[in-house]
Amino acid sequence: MKIALAIILICLFALGCMTMPALRPHAKEAENPDPYKGYEFTPLPAFDQFDKSELSQLLMTGFDQRTADFTDELASEGVERALRLDVISSGIKAVSTSRHLHVKDELFYDGLTDVGGKTFNGGIDMSAFDGFMFRVDGYADEITVIMRHSPCGGPYGYEGDAEHQAIYDQYGIGPYFRTSTLYPDANGCVKVEFGVLHGGWVWWEQGGLREEFSKFNSIDIIFSNQKINAGTSYYISDFKLYKEPPSGRSLEELIAKLEETDSDGEYAAELMTAKNVLASGTAAQKQEQVRTLTLLLKPVLLRELYANSYNSMKNRITRSGYSPTSLTGLYDGMFVRDTSIQSLMHTNQGDTDLSRRLLRYVLSVYRHLGRNFPTHIISDLQEVEYGNNAGATPGQYSALIKLGGSAYASQEIDGADATVTSVGVWLSRKEGARGMLIAELKRGAFTVGTVKLKASELPTAKGYVVFEFGLPLDPVTSGNYTLTLSAPDSPEGSITWYGRKNYKGLITKLNGIAISGEASYEAFKTNAAFWSDEAQTDTALVLAHAWFAYANAAPDTPEDAEFIAQSYPIIKRYVNAYVEGGFIDDELNLIRNDFLEHSREGRKWKTYDLITNAYASQVFREFAEFETKLGSADEAASWNALAERIRAGVHETLTTEVGGKRIYAELIDIANGDRYIQGMSWVNLAPIAAGWYGMDEQIMKNTFEVYRSRATVSYGGIPMLDACYDMNTGRYGNHVIGKGYSWELMFSAAVGDTERVGVMTEFMLMNSPASNMYPESWWYPNRFSDVGNQEHSSWIAYAMATVYPELKEAVRRPEGDVDGDGEVTVTDALAALRMALDPKEYYDHEKRLADMDGDGEATVSDALRIMRRAAGLA
């Protein structure tokens, strides 16, 4: 049988060599949908009295003291050039710090804000809308949008309204709310969601009703100071306030989806009923049918939500490992805690290579910053090009070096004041070039990284090629760099490296011997940076927890073994910064957190809290287990003792009684006299998040019983836990938060509460965003904050895959699917055979996709296995 299959396979291969294109990653054609489709818009009042010819002069000269203050504030943040569009209601409608602004269409307007029955001059009631969109013409780079809080009379104050001023002072809400960097889409459209602003909204109780009163009377659009050129004009158009499409799915959509999936007619009767209701039913009947069909389609809808959310997280990771927290613009940068949860999610899915990439980025950034502990938020690498072909054109270079066979060449790169992560060069290849072009970057004797590119994919004419090395985990901070190129499997002279006969005098070598001239190169000097330098204890502990999860699950590959060996001392040092830094209280046996981010009051707390301490005890136990594997019995015992010490401290101090039941308490507020917070929130559920070995199941059951009795809210008839409840005032946070949802779902499944799992699953399916991704939180009835949020989407995906393990198949590549089209076919077998017969023409990661028997190679045996699977024989 095997011989027959081999003969068939070889015959097919011979045919495939004539007809089959080179192996390429499977990819769908990019779509460019209408960004406004499905949204309801409210026309802005016409603005036709303003003489637009006067506008440019106003923009050049500035406006009033508020403008000056605003400009000073931007300057203090390092913004040198900004274009400001100010939507206000006080006469002049636009201001700029130094740039022209050309206005198209009807853009500016006046408005009144009605707050709790009181009317204020100026501002617009943003609570009536879900966000705004605008187009920007002639500009395609990053934009920062700033919202200004001013509900009480003016952009900077609360004139004439001491009551509202007191409330704002109490909650610490400043005059600005700043979103993150945003990018225009393919249509030039920028979308800003008001749903992301819920965290800054305050609820004011009046006459038994809770009303939103945090409004905005100003929208400031700030263009990136890095990309603006002096004297350039940009056009803003199509400024529209919009309402989100309703959450969930329409009855028409659900009927179509059920018809598509119900191939055997199992639900013919239900479909007929739904179609009849769609034709002539009442609104209530249609809603009931939506619920019925949603539950029938539960497996399909759960898979779609999981796949969309997981792939969003996966696809936002750059090659270097940067992964932004927010897609909507609510948060700047990459939150280290959130990235750790994303790493945990990928490990749970089995994609440990993604976990390693994320963890490596975080650790390498702090290594380059010289920090001994992680902080709150880091940024993407800021690359600045320099070198002899920065801004150059192909015609400035001539053939300088021929590569292939035994020939190799190196170019020295100035390393003064630089951390190089990428290098671009001008290359070309002849027909017949094969194998890999190998690029190695060194600083002195230290290897920064090695990149391999297929020689067959190099340009046939003079072209620009960039090698991306990323940040090394162990930085070398002095000395020049050397870029070396070789192509040992390519014919001699088949690859040309272009350059100049004379340039800066840096050393250029061919086969180790200096030659005249200088090879082309454009080095990218990189600056690692952070957005926030706050040292959060829980951030270091969650990062360590994610690292241990990865290290325990990683396959035995050279890359993983090297990274684990290099990074373990760093993780150990990060946690020891708190263990040895005086953060553990000798009496309470608890570890302190100076910057706990919390939904409660929307601020950071100095505290002894449950989430920090549950993670601490668990991570200390994980250190003990890892040291045991390393054979360090004494150190393992020390970590175990520390884990038990914190476990005892939690049960002694961070538990309390409510109604005769012992529950896990939330936190001790150190900044306010070490008072206990009398409330319930996601913090009370922290032992579930940490997977804490020391959690008392009965105490946690009691915690849920009290939480549900005090803080359950109805979402369209579905009972859900509010994110934050105050027992003294009876106030709610008025939203369901993603991580709290996730931890309750996992605990309910773990204790066998299938009824609650079903209710929570129904809530998810009935209240999913129109974008079909997990949100940060749900705000009744149809609002969501930060859809696709890194931390909360990762937690929900982690929980869903834990409770419904079959969801992992929604994003898992079938074994033997070499070309990535989601199926195992004869094409995959042919690709595997080509790899087996000519392995030097393929990347290592491609060959691993064809490695069915796990021997590290793509062989004829692997191709046969794939053929059997394609034929349904295995």
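Sequence positions, counted from 1, serve as the residue numbers for this chain.
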For the residue pair His545 and Tyr615, does the interplanar ring angle fall in the parallel (under 30°), tilted (30 to 60°) or perpendicular (over 60°) class?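 Geometry flag for Tyr615 against His545: perpendicular rings.
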Tell me if the aromatic rings of Tyr741 and Tyr774 count as close, with their centers under 6.0 Å from one another.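 Ring centres of Tyr774 and Tyr741 not closer than 6.0 Å.
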Would you call Lys701 and Glu697 a salt bridge, using N to O less than 4.0 angstrom? yes
From CZ (Phe763) to CG (Leu745), nearest 0.5 Å: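 Separation between the atoms: 11.5 Å.
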Test item: Arg708 side-chain N/O and Thr703 main-chain N/O as donor-acceptor pair under 3.5 Å: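 Here the side-chain-to-backbone pair does not exist.
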Could you walk me through whether Asp338 and Ile341 pass the side chain to side chain contact (heavy atoms under 4.5 Å, CB included) test, one step at a time? CA-CA 5 Å; Asp338 300 5; Ile341 305 305; 5.8 Å; no
Geometric class of the Tyr306/Tyr310 ring pair [parallel <30°, tilted 30-60°, perpendicular >60°]: parallel
When you measure from the side chain of Arg357 to the backbone of Thr318, do you find a donor-acceptor pair of N or O atoms at a distance under 3.5 Å?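 Side chain of Arg357 to backbone of Thr318, a donor-acceptor pair under 3.5 Å: yes, one is there.
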No-hydrogen, no-angle side-chain donor-acceptor test under 3.5 Å, Gln285 and Gln289: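 No, no side-chain donor-acceptor pair sits under 3.5 Å.
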Using a strict cut-off of less than 4.0 Å between a Lys/Arg side-chain nitrogen and an Asp/Glu carboxylate oxygen, indicate whether Arg360 and Glu559 qualify as a salt bridge.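 Salt bridge: no.
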Walk me through whether Gln342 and Ser794 qualify under side chain to side chain donor-acceptor pair (under 3.5 Å). CA-CA 5 Å; Gln342 183 179 350; Ser794 293; 5.0 Å; no
A quick test of your reading: do over 12 heavy atoms of other residues, nucleotides or ligands sit less than 6.0 Å from CD of Glu252?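 Check fails, neighbour count at 12 or below.
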Electrostatic pair Glu809-Arg812, nearest N-O below 4.0 angstrom: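 Salt bridge flag = yes for Arg812 with Glu809.
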Looking only at side-chain N and O atoms, does Arg316 offer a donor or acceptor that is under 3.5 Å from a partner on Ser312?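 Judged by distance alone, the side chains do pair up.
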